[in-house]
Peer 1: 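Let me give you the structure first, and then I'll get to my questions.
The structure presented is a predicted model; accordingly, all values stated were derived computationally and were not measured. Proteins come first, then strands; the chains are lettered A, B, ... in the order of their sequence lines, and each starts at number 1.
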Amino acid sequence: MIRKALSELVRSTLRDLLESGDLPEHAARTPEIADTKQADHGHYATNVAMVEAKGFGTNPRELATKLAERLRAHDDVFARIDIAGPGFINFFLHPAYLAGFLPAMAELGEEGIARSHEESRRINVEFVSVNPNGPITIGSGRGAAYGSALCNVLEAVGNEVHREYYINDGVNSEQMRLFALSVQSFIQKIPFPEKGYRGDYVQEVAEQLRSDPEAVTANTDWYQAKSQALMIEAQRRALSEFGVEFDCWFSEQSLHDAGIVARDIETLKAQGVADTVPERIQLKLGKGGKVEEVNREAQAAVLDENDADGEGETLWLRSTRFGDDMDRVLRRRDGRLTYIASDVAYHKDKFNRPANSDQLITILGPDHHGYIGRLTSVVAALLLSEGKVQEQVSEAPFTDVDAQLYGDAVTRDRCQAAQRLAEEKLRVQIYQLVRFMKDGKPAPMRQRDGNIYALADLVREIGEKALTDGTPEERAALGRDVARFFYLMRSHDTTFDFDLDLAEKQSDENPVFYVQYAHARICSIIDRAKQEGFTPEFVHGQLMEPQEMALLMKVSDLSWEVQRCAQDFGIHRISTYVIELARSYHSFYDACRVIQPDSPELTRARLALCQLTGTALKAGLGLLGVSAPQRM
RNA sequence: GCCCCGGUAGCUCAGGGGAUAGAGCAGCAGCCUUCUAAGCUGUUAGUCGGAGGUUCGAAUCCUCUCCGGGGCGCCA
């Protein structure tokens, strides 16, 4: 809010200079108002003079001088304006001006304080979506935390967000078959399958099914349906306890059952983006993903038992036309449909949840990075076959590679336009690996004995160790808070170490408690003040201290951080922000005694600042899905 | 071979083309008869992997290169 006001002031001053003829016509960008790293650089600084000098046909110092001269006229705002270095303009604001933002910010409340702009897109966010053949692992925990926090942020700026979980329950799935056989072998006298699932959770599923009268004689189909349902339920519970809820759990198999997959791939075939010509196109890529060669390979030989051998024809999605590095099979020779075939139907359907979604966001783990090209191709093919791609003519020369890939320039331009549109409509976000460090050593997600380090175990362990004397509910809540915060502390785009030893520590080293403690302190002080007859109320001219100014400026930045986060999906910035906000508060708390019976006006004003900070902390933590406790 | 991510203080990591590159932890020195010390203040610490380039200005953008992690099936 404060940055915005200053930016607007600088912008209008520039306009004044233009209108009075002191500067030539030039369209300047929105001035950036930056933090300063040193106190003698003022409260804020702008580089606008350096950025725009060229456009105005002058040099930075001169432009800065002209701007500063005019800006100094606002002597209610600026105590001092300096020009420094190559052309920075440093703003020293009047405390009263800064403090004057407090009532407006307080009025915004918890929702408004996080929102500086309004978006109104309809967005479908799909995340977690692991196979229903095991618990949610600590690895998927990152996707769960990240996805749910991203949804919160997108929602906070006004979008309609639909949270979706895709259940990979296709009955043809090899993994699910293997999982079912593993469970079955624990109950019936059948051999344990080669490469079967061995973890304790498999036996737990078996134990739950044992009491079923059908279990002894049931076939593998029965086991597949039953054990899958139990696993999905366990996943749903674990995610819910982790603070992650979905609007929709979408079944892959439901698309097959309704014949939608078969129908949709036929549409692609009819539209010419899929065909049964018995060859696969594979691209040889050079540096920068540039296509160097187009290789047409004859239908590949059957490789192993997962390959199809049959009388029919293979149906190929010609995904190489949309940026994929090889064509993908939609239907095997034996008639079975592939996983990517479901993706065609699924993505078509997804655009309707919410109806006519403007954007799909899919959050995947690092092992699915190869999916980006594939999914983008699927969406591009869909958009093209539905006639949603506008005709475009490219100026680019028609190369040999283009000729081999597309045949003619018109087709090329249509396909490339479809790809660009698909990249806009579907944003695939990949989060990177997490390494869990326990006793200074990496703790594996999957162990040799088949056991899995489950998210639920992580949350429980942290809760138990960090809170030795709490109720089970309190421990669960604390474990969830700590785990979520740790997952979200670092950029999703970087691998990082999850320090379990630190997470389990109930001490000042743990940043979660540092932030929550600030909130608890605020609640406590407001309670105490109430007992002594003081209520928070902004009083003009009371807040003057540098710590008070720093705190106000920090509070004012929440909406700005949220805005940036909604643009680039960098959730970790919210975590960094709440830590910084807590720091500003603790620093203020130490320097400025709040409750002072001899100075009732100062007391009320500082209480108002405390309350405002509490609101911002709660809002920020809320976006992360972390609670803001009243007491600690 | 190609694709994605990373390389910044002893450790874990922030860093938006801008000023003398930051935080936490670890280390050192202080601060509770007063609103929650799960706190605060000060301080030590870096060839931003390397080389070119663009720019008035590069940790940030581009190219090349070295090192580490992950991915490249008619599996999901």
Peer 1: Heavy atoms only, 4.0 Å cut-off, all strands: where does A:Arg374 land among base, sugar-phosphate and nothing?
Peer 2: base

Peer 1: So what does A:Cys523 hit on the nucleic acid, given a heavy-atom distance under 4.0 Å: a base, only sugar-phosphate, or nothing?
Peer 2: nothing

Peer 1: Using a heavy-atom cut-off of 4.0 Å across all strands, would you classify A:Leu433 as base, sugar-phosphate, or nothing?
Peer 2: sugar-phosphate

Peer 1: In chain order, what residues pass the salt bridge (Lys or Arg N to Asp or Glu O under 4.0 Å) check against A:Glu423, with sequence neighbours excluded?
Peer 2: none

Peer 1: Of the nucleotides B:U36, B:C2, B:G73, which has the atom closest to the A:Arg280 side chain?
Peer 2: B:G73

Peer 1: For A:Arg528, which contact category applies under a 4.0 Å heavy-atom criterion: base, sugar-phosphate, or nothing?
Peer 2: sugar-phosphate

Peer 1: Just by protein heavy atoms under 4.0 Å, how would nucleotides 57-63 of chain B read 5' to 3' in B, S and -?
Peer 2: -------

Peer 1: Any base atoms under 4.0 Å from A:Met437, or only sugar-phosphate, or nothing? Heavy atoms, all strands.
Peer 2: nothing

Peer 1: Rounding to a whole Å, what distance do you find between A:Tyr339:OH and B:G73:P?
Peer 2: 16 Å

Peer 1: So what does A:Thr494 hit on the nucleic acid, given a heavy-atom distance under 4.0 Å: a base, only sugar-phosphate, or nothing?
Peer 2: sugar-phosphate

Peer 1: Give the nucleotide from the list B:A14, B:G70, B:U36 with an atom nearest to the side chain of A:Pro366.
Peer 2: B:G70

Peer 1: Looking only at atom C1', what distance separates B:U47 and B:A23, rounded to whole Å?
Peer 2: 22 Å

Peer 1: Which pairs with one or both residues in residues 580-602 of chain A pass salt bridge (charged side-chain N to carboxylate O under 4.0 Å, His left out), sequence neighbours excluded?
Peer 2: A:Lys554-A:Glu580

Peer 1: From the set B:C2, B:C35, B:C13, return the single nucleotide nearest to any side-chain atom of A:Asp497.
Peer 2: B:C13

Peer 1: Among the candidates B:U36, B:G73, B:C13, find the nucleotide nearest to the side-chain atoms of A:Arg631.
Peer 2: B:U36

Peer 1: Scan for side-chain hydrogen bond (donor to acceptor under 3.5 Å, both in side chains) pairs involving residues 42-55 of chain A, sequence neighbours excluded, and state none if there are none.
Peer 2: A:His26-A:Glu52

Peer 1: Within the 4.0 Å heavy-atom criterion, would you say A:Asp40 contacts the bases, only the backbone, or no part of the nucleic acid?
Peer 2: nothing

Peer 1: Counting Watson-Crick and G-U wobble pairs only, both distances under 3.5 Å, name the nucleotide matched with B:C28, or none.
Peer 2: B:G42

Peer 1: Using a heavy-atom cut-off of 4.0 Å across all strands, would you classify A:Tyr589 as base, sugar-phosphate, or nothing?
Peer 2: base

Peer 1: Mind checking A:His572 for me? I need base, sugar-phosphate or nothing, with any heavy atom below 4.0 Å counting as a touch.
Peer 2: sugar-phosphate

Peer 1: Name the pairing partner of B:G1, where a pair is Watson-Crick or G-U wobble with both distances under 3.5 Å, or state none.
Peer 2: B:C72

Peer 1: Base, sugar-phosphate, or nothing: which does A:Gly87 touch, judged by heavy atoms less than 4.0 Å apart?
Peer 2: nothing

Peer 1: To the side chain of A:His369, which of B:C74, B:C4, B:A37 is closest?
Peer 2: B:C4

Peer 1: Which is true for A:Gly288 with a 4.0 Å heavy-atom rule: it touches a base, it touches only sugar-phosphate, or it touches nothing?
Peer 2: sugar-phosphate

Peer 1: Could you go step by step and tell me if A:Glu561 and A:Arg564 meet the salt bridge (Lys or Arg N to Asp or Glu O under 4.0 Å) rule?
Peer 2: CA-CA 5 Å; A:Glu561 297 280 5; A:Arg564 290 178 58 203; 3.8 Å; yes

Peer 1: Thinking salt bridges, do A:Arg3 and A:Asp35 make one under a 4.0 Å N-O criterion?
Peer 2: yes

Peer 1: Quick one: side-chain hydrogen bond (donor to acceptor under 3.5 Å, both in side chains) pairs with a partner in residues 362-378 of chain A, sequence neighbours left out?
Peer 2: A:Lys350-A:Thr362

Peer 1: Closest to the A:Arg490 side chain: B:G16, B:G39, B:C13?
Peer 2: B:C13

Peer 1: Between B:C74, B:G39, B:C2, spot the one nearest the side chain of A:Lys287, thanks.
Peer 2: B:C2

Peer 1: Determine the interatomic distance between C1' on B:U55 and the same-named atom on B:C61; round to the nearest Å.
Peer 2: 10 Å

Peer 1: Nearest to the side chain of A:Glu32, heavy atoms from C-beta on, is which of B:A76, B:G16, B:A19?
Peer 2: B:G16

Peer 1: Minimum heavy-atom separation for A:Met489 and A:Pro511, please, with both atom names.
Peer 2: SD-CG, 3.6 Å

Peer 1: Nearest to the side chain of A:Phe513, heavy atoms from C-beta on, is which of B:A38, B:C5, B:C35?
Peer 2: B:A38

Peer 1: Could you list the residues that satisfy salt bridge (Lys or Arg N to Asp or Glu O under 4.0 Å) with A:Asp439, not counting sequence neighbours?
Peer 2: none

Peer 1: Could you work out the separation of B:C5 and B:U63 based on their P atoms and round it to a whole Å?
Peer 2: 12 Å

Peer 1: For B:G53 and B:U60, measure between their C1' atoms and round to the nearest Å.
Peer 2: 15 Å

Peer 1: Touch check for A:Glu580, heavy atoms < 4.0 angstrom, all strands: base, sugar-phosphate only, or nothing?
Peer 2: nothing

Peer 1: Please state the C1' separation for the pair B:G71 and B:U12 - nearest whole angstrom.
Peer 2: 26 Å

Peer 1: Reckon A:Ala34 touches a base, only the sugar-phosphate, or nothing at all at heavy-atom distances under 4.0 Å?
Peer 2: nothing

Peer 1: Name the closest nucleotide to the A:Arg573 side chain, picking from B:A38, B:G15, B:A76.
Peer 2: B:G15

Peer 1: Under 4.0 angstrom, heavy atoms only, what part of the nucleic acid is A:Lys284 near: base, sugar-phosphate, or nothing?
Peer 2: nothing

Peer 1: With the threshold set at 4.0 Å, does a side-chain nitrogen-carboxylate oxygen contact exist between A:Lys269 and A:Asp275?
Peer 2: no

